[in-house]
Amino acid sequence: MSEDLALMSLTAVAKAIAEKHVSSHEVTRACLHRINEWQPRLNAFMAIEAEAALKAAKEADAALAKDQNRGPLHGVPLAHKDMYYETGKVVTCGSAIRRDFVAQTTSTALKRLKDAGAIRLGSLQMAEFAYGPTGHNSHYGPVKNPFNVERVTGGSSSGSGSAVAARLTFAALGSDTGGSIRMPAHFCGVTGLKTTYGRISRFGAMPLSQSLDTVGPLARSAEDCALLLALMAGVDPEDPTSSREPVGDYVAATAASIKGLKVGVPAAFYVDDLDPEVARALDETILVLKREGADIVKVELPDQRQLTAACQLVLAVEAAAYHKRWLIERPQDYGSQVLMRLQNGLAIPGVSYLEAMRWRGPALAAHVAATSGVDVVITPVAPVPAPTIAESDVGNSPGAEAVIQRLTRFTRPINYLGLPALAVPSGFTKSGLPIGMQLIGRSFDEATILAVGAAFQRATDFHAKVPKAA
Amino acid sequence: MTRPSAKEVKAISDTAGIVVDAEVANRIANSIGPAFDGFAPVAGTLPFDLEPASFLLVQGAKVVK
């Protein structure tokens with residue numbers, strides 16, 4: 001067995017298994033070996049299902065020996081954020097309330113990956129009910145950043161970011177309601193795709209905010225994200241909000257040249273109050289894209305603070321409505337910060353919520369008009385690299401909401417507008433912490449942001465950096 | 001649209017069926033207040049006929065560069 005197998009990309013390992021250069025069993029053992037080594041330090045997994053994974057891997061190998069290939073992920077071991085329902089499995093949603101919840105259905109996203117041949121390594125840690133941007137969890141402990149275990153992973157897909165970065169799983173599903181895929185991608189140095197609202201079915205995924213929730217992957221490259229998106233995208237009769245927009249050829253898009261593509265750089269907001277190392281990484285990323293043939297264009301975006309505020313109003317009300325029964329019956333079973341944030345939704349009158357919902361169309365139209373001259377917009381994911389676990393452990397203190405708002409101020413406008421965004425590793429601080437940029441596309445045009453992300457990754461190796469065991 | 005006071009937060013929460021004490025109401029008011037401030041320039045300005053689902057129409061429209 002070689003541990004190096006776990007270091008391969010999803011695309012490469014799937015091909016190697018399909019062509020019988022390696023067995024699913026060998027690959028699964030390599031992942032389990034790394035999980036055993038890293039889990040005590042990272043706390044990335046909620047549950048490790050070693051025996052079942054090895055059994056499934058043997059079955060995958062036996063099927064392949066009979067030339068029965070189930071699909072593009074045949075025999076590839078994966079683990080996902082513990083909020084995707086799978087019939088018969090405990091799905092905690094990172095909470096004490098659902099500690100023993102057994103799912104009675106399987107989410108469409110998981111089913112599509114399973115139908116493509118993926119096997120299950122276990123489930124990944126997350127912020128309680130996906131409502132936290134740092135990676136803290138008062139019930140199961142914080143997830144640690146593999147590049148520095150004193151630092152946060154970002155959330156809410158904390159286990160997904162940590163496990164993909166440490167090469168414990170080839171990829172992982174996350175979810176993004178206010179930045180929950182892009183934040184861990186930025187802090188942990190992996191590639192994360194927040195999809196267009198409606199692009200991937202949300203059926204069987206724990207809800208937080210029905211107007212903002214999106215499903216998407218965290219992986220080691222844009223190419224790997226494209227492969228997963230291609231398998232999961234498309235209308236689902238089980239989810240009435242899933243879109244009938246045609247599904248693109250995302251994998252082919254990652255091989256495309258970006259010569260002549262126009263990349264917009266916001267003149268304000270996303271370039272204000274940046275940590276100097278994040279600012280430097282943005283400048284250097286722009287230079288690389290220019291070198292690859294993209295045209296760089298300054299764009300004047302509408303006031304993003306209003307979008308952030310509208311996002312907060314919508315999210316707070318919808319989350320509070322989902323949780324109302326438990327807020328009445330079991331408030332003591334929430335962590336203090338999640339309880340505080342759920343209670344925030346109680347203070348917003350129905351008229352204010354509906355105004356924020358009614359403004360969504362005009363706000364998106366204004367964004368489309370402002371960016372009509374460019375193909376993608378580039379911004380940092382967050383103004384700072386990963387803070388320490390200690391300094392960001394703000395609980396329900398008076399300043400907690402301000403800390404959360406500062407971390408998520410570049411991601412929330414995109415959720416409100418429902419746009420796709422790809423977070424790509426774009427550098428490291430002097431102390432070795434990853435920095436990510438987000439490439440924001442047009443609605444349902446994941447293909448273009450994946451093309452730009454892949455071109456950037458062909459020219460750089462930030463995404464290939466593997467954290468070292470201490 | 002102005003941010004709600006702690007007293008108003010308590011009244012709204014109680015009406016929603018979740019009773020909060022004065023301290024929690026005060027914390028909520030401080031926590032959510034900036035969102036009201038941020039949205040204030042938009043609140044009360046939207047045209048009468050604006051349908052919330054217009055978002056989906058804009059989302060599905062083809063962009064002409």
Side-chain angles (χ1 to χ4, degrees), chain A residues 196-198 211 241 243-245 262 303 305-313 316 320-321 324 327-328 331 339-341 343-349 351-352 354-365 367-368 371-375 396 398 400-402 405 417-419 442-445, chain B:
Chain A
T196 305
Y197 178 76
S211 303
T241 67
S243 174
R244 294 185 179 279
E245 283 288 321
K262 291 190 166 35
D303 191 333
R305 291 167 304 176
Q306 294 166 10
L307 302 176
T308 304
C311 183
Q312 198 181 351
L313 294 174
K324 184 176 172 187
L327 285 171
I328 294 169
L339 178 63
M340 173 196 80
R341 298 186 70 202
Q343 287 172 329
N344 286 346
L346 303 173
I348 299 164
V351 169
S352 302
L354 272 172
E355 274 193 303
M357 287 300 291
R358 290 176 73 222
W359 187 52
R360 232 179 153 195
L364 179 57
H367 175 89
V368 170
T371 58
S372 63
V374 299
D375 297 289
N396 64 352
E401 192 64 38
Q405 293 305 317
L417 298 174
L419 296 167
R442 299 196 189 109
S443 301
F444 300 108
D445 189 15
Chain B
M1 185 168 71
T2 53
R3 57 164 72 196
S5 65
K7 201 174 160 187
E8 288 164 333
V9 166
K10 182 162 175 43
I12 297 169
S13 300
D14 289 356
T15 306
I18 300 170
V19 178
V20 297
D21 61 30
E23 188 189 339
V24 171
N26 190 47
R27 195 187 62 207
I28 293 172
N30 287 330
S31 192
I32 203 71
F36 282 87
D37 297 342
F39 195 64
V42 178
T45 67
L46 299 177
F48 175 78
D49 289 319
L50 180 60
E51 157 63 44
S54 65
F55 168 71
L56 296 174
L57 292 178
V58 181
Q59 193 192 38
K62 297 290 166 235
V63 176
V64 181
K65 275 178 70 178

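Model, not experiment: these values are computed from the prediction. Here is how names work: the chains are called A, B, and so on, in the same order as the sequence lines, proteins then strands, and each is numbered from 1.
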With a 4.5 angstrom heavy-atom cut-off, could you sort out which part of [X] is near chain B: side chain, backbone, both or neither?
X: A:Leu307; value: neither
X: A:Asp303; value: neither
X: A:Ala365; value: both
X: A:Glu245; value: side chain
X: A:Ala356; value: both

Considering all heavy atoms, the nearest [X]-[Y] contact:
X: A:Gly361; Y: B:Ser54; value: CA-OG, 3.8 Å
X: A:Gln312; Y: B:Ala35; value: OE1-CB, 3.3 Å
X: B:Ile12; Y: A:Ala347; value: CD1-O, 3.6 Å

* Do you know which of A:Arg244, A:Gln343, A:Arg341, A:Gln405 has the most heavy-atom pairs with chain B at a distance under 4.5 angstrom? ->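 Heavy-atom pair counts peak at A:Gln343.
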Atom [atom1] in [X], atom [atom2] in [Y]: separation rounded to 0.5 Å?
X: B:Phe39; Y: A:Ser352; atom1: CZ; atom2: OG; answer: 8.0 Å
X: B:Leu50; Y: A:Trp359; atom1: CG; atom2: CH2; answer: 11.5 Å
X: B:Ile32; Y: A:Leu313; atom1: CD1; atom2: CG; answer: 6.0 Å
X: B:Ile18; Y: A:Leu327; atom1: CD1; atom2: CG; answer: 4.5 Å

* Can you find a heavy atom in the side chain of A:Pro349 that is under 4.5 Å from one in the side chain of B:Pro4? ->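 The answer is no; the side chains never approach within 4.5 Å.
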* **Minimum side-chain heavy-atom gap B:Phe55-A:Leu417 below 4.5 Å** => no
So, [X] side chain and [Y] main chain: donor-acceptor pair closer than 3.5 Å or not?
X: A:Gln306; Y: B:Val42; value: no
X: A:Arg358; Y: B:Pro47; value: yes
X: B:Gln59; Y: A:Tyr197; value: yes
X: A:Lys324; Y: B:Gly17; value: no

* Asked: Does any heavy atom of chain A fall under 4.5 Å from the side chain of B:Val24, the backbone, both, or neither of them?
  -> side chain
* If you tally heavy-atom pairs under 4.5 Å against chain A, which of B:Thr15, B:Leu56, B:Asn30, B:Leu46 wins? ->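 When all of B:Thr15, B:Leu56, B:Asn30, B:Leu46 are compared, B:Leu46 has the most.
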